[in-house]
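As structure tokens, the structure follows; a few thoughts come after it.
Side chains included, hydrogens not; waters and symmetry mates left out as well; all remaining heavy atoms used. Numbered from 1 within each chain, the chains take letters A, B, ... in sequence-line order.
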2 protein chains.
Amino acid sequence: MTTGHLIPGFDPADEAGSRSAPPGPAVPEPSHAERARTLVASQSRGALSTIALEPARTPFGSVVTYGLDARGRPAFFVSTLAEHTRNLDADDRASLLVVEDTPEGADPLASGRVTLVGTVGDVRDPDERAAARAGYLSANPAAFYVDYGDFRCLRLELTAVRYVGGFGRMSWVDPAAYAAAQPDPLAPAAPAIIGHMNADHADALVTLCHHHAARADIEAASMAAVDRYGFEVVAELAGDRREALRIGFRTAQVTSDGVRAELIGMLAEARAADPT
Amino acid sequence: MTTGHLIPGFDPADEAGSRSAPPGPAVPEPSHAERARTLVASQSRGALSTIALEPARTPFGSVVTYGLDARGRPAFFVSTLAEHTRNLDADDRASLLVVEDTPEGADPLASGRVTLVGTVGDVRDPDERAAARAGYLSANPAAFYVDYGDFRCLRLELTAVRYVGGFGRMSWVDPAAYAAAQPDPLAPAAPAIIGHMNADHADALVTLCHHHAARADIEAASMAAVDRYGFEVVAELAGDRREALRIGFRTAQVTSDGVRAELIGMLAEARAADPT
């Protein structure tokens with residue numbers, strides 16, 4: 001239950017996602033719909049592209065803050081005076097670009113990003129507006145202006161979703177699949193899990209690689225990512241080589257405690273198989 | 001030579017920049033053209049808005065990295081396969097949104113941002129392409145792909161520039177003024193100057209406020225920003241009140257050493273005027 005490939009230099013030309021599938025059984029991993037939903041849920045600010053009237057019909061990018069509803073549609077509370085609001089009144093087509101946090105010093109093109117494409121309209125139904133307001137305030141707790149008379153509640157109805165992950169992960173995602181997907185429940189806990197594993201359990205990670213990835217040649221490993229279906233490590237091998245590996249959980253996990261129990265179980269399995 | 005105003009909650013409705021001018025002589029400060037040039041020069045990644053063919057003529061946002069030429073025009077090295085490249089081949093109208101770094105925990109709508117609006121075309125002239133390549137590599141030193149055969153060098157020719165600073169600074173900037181403006185030469189040194197003044201010279205900042213802002217009521221002050229024309233402080237007053245103040249240099253400064261000498265001179269002037 002692993003895939004291994006040499007860590008590639010991220011190649012922006014690898015648009016088609018044509019990297020060939022690795023041999024062996026597939027390792028469970030989030031779908032692109034799930035990755036896109038998780039990324040959009042992890043942020044509250046994006047770049048809204050609208051069509052400006054002046055200069056004539058030029059695409060115009062501006063900063064917006066957003067909140068999400070249960071189907072992942074972004075809602076905005078915008079000033080009636082803002083450029084994007086005026087643009088949308090004349091042409092409701094728009095997209096929202098959301099970019100994940102880029103670690104200090106990392107290649108800015110290696111960050112994941114999602115473009116939600118569709119049309120923007122006012123949310124008028126009182127129940128829907130209340131839900132949009134709650135979602136917006138949850139993501140933007142300091143948004144004192146939501147109830148101002150000159151602010152409008154708008155929502156993007158999706159017609160297309162573009163996902164670009166790092167390292168050759170990119171595709172158009174079916175908007176219905178995006179709407180049905182759940183953001184990764186482990187995302188808020190992931191930094192703490194990764195920090196804990198790398199600080200206190202680096203040896204265990206090597207043991208997990210040896211058994212669950214069947215890779216006895218791995219000499220050191222650090223966790224780089226974790227999600228509901230498994231985790232990714234950067235492994236070190238002889239000759240200063242490094243390799244990215246994914247190891248799947250035996251069953252999906254939705255809490256930190258679940259991950260902890262699963263890793264202990266997987267470690268026990270590894271040690272039972274090779275007690276040396 | 002100061003303006004003072006209570007620190008406002010940033011009001012996204014304050015689109016028109018209608019805050020009334022303070023009384024007294026104007027404090028020298030960067031023009032919006034200079035602020036926009038400085039902000040764009042401080043980053044190397046932005047959100048490019050183009051027009052997608054599918055879904056029909058919808059604005060599409062994507063991530064690009066860029067470098068600048070001497071007139072502040074952004075150049076891009078993009079894959080021929082990328083969505084934005086295909087979009088631009090069908091419609092060359094585009095904009096580039098650049099957002100300044102947002103301090104951890106800060107209001108995401110308080111960050112400055114610039115939208116450069118115009119049309120994108122290939123840079124074909126060999127000398128211009130060499131200059132664009134040099135500017136791009138200067139901003140993106142790890143861009144190994146610039147000489148790949150399936151990458152194209154594109155440049156945005158500006159027809160409009162939108163600047164949104166924090167706290168009610170926003171306007172359309174004349175593209176010619178943007179092109180002629182120089183990025184603030186102090187920008188790279190500003191964090192070190194601010195850190196040094198706040199760590200070692202907090203008392204001097206208060207003295208500078210007393211004399212150069214004629215504000216004897218200020219009890220404490222920290223530097224919040226510095227540019228070629230002066231600096232901004234957050235001042236503390238009795239009753240837990242805080243106020244943002246700008247103090248101008250007597251002459252513009254373009255180096256750290258120049259700022260140091262100017263602040264020592266201004267401090268001597270203040271102490272001579274009030275030797276207590």
Proximal component of V99(B), with respect to chain A [non-hydrogen, under 4.5 Å]: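 Side chain only.
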Per-residue contact mode, T119(B) against chain A (heavy atom under 4.5 angstrom):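 Contact with chain A: none, neither part.
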Would the distance check show the side chain of [X] and the main-chain N or O of [Y] forming a donor-acceptor pair, the cut-off being under 3.5 Å?
{"X": "R162(B)", "Y": "F60(A)", "answer": "no"}
{"X": "R93(A)", "Y": "A56(B)", "answer": "yes"}
{"X": "T115(A)", "Y": "G61(B)", "answer": "yes"}

Note, E83(B) side chain near W172(A) side chain (heavy atom, < 4.5 Å):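 In contact.
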No-hydrogen, no-angle side-chain donor-acceptor test under 3.5 Å, T102(A) and R45(B):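 Indeed, the side chains of T102(A) and R45(B) share at least one donor-acceptor pair under 3.5 Å.
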Residue pair P59(B) / A94(A): nearest heavy atoms and the distance that separates them: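 Scanning both residues completely, I find the closest heavy atoms to be CG-CA, 3.6 Å.
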For L97(A) against A47(B), the heavy-atom pair lying closest together: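 Here L97(A) and A47(B) meet closest at CD2-CB, 3.6 Å.
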Euclidean distance, N140(A) CG relative to L109(B) CG, rounded to 0.5 Å: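 Taking CG in L109(B) and CG in N140(A), the distance rounds to 7.5 Å.
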I51(B) side, atom CD1; T58(A) side, atom OG1 - distance, nearest 0.5 Å: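 Rounded to the nearest 0.5 Å, the CD1-OG1 separation comes to 8.0 Å.
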Top contributor to chain B contacts, counting heavy-atom pairs under 4.5 Å, from T80(A), T159(A), T50(A):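 Maximum pair count with chain B is reached by T50(A).
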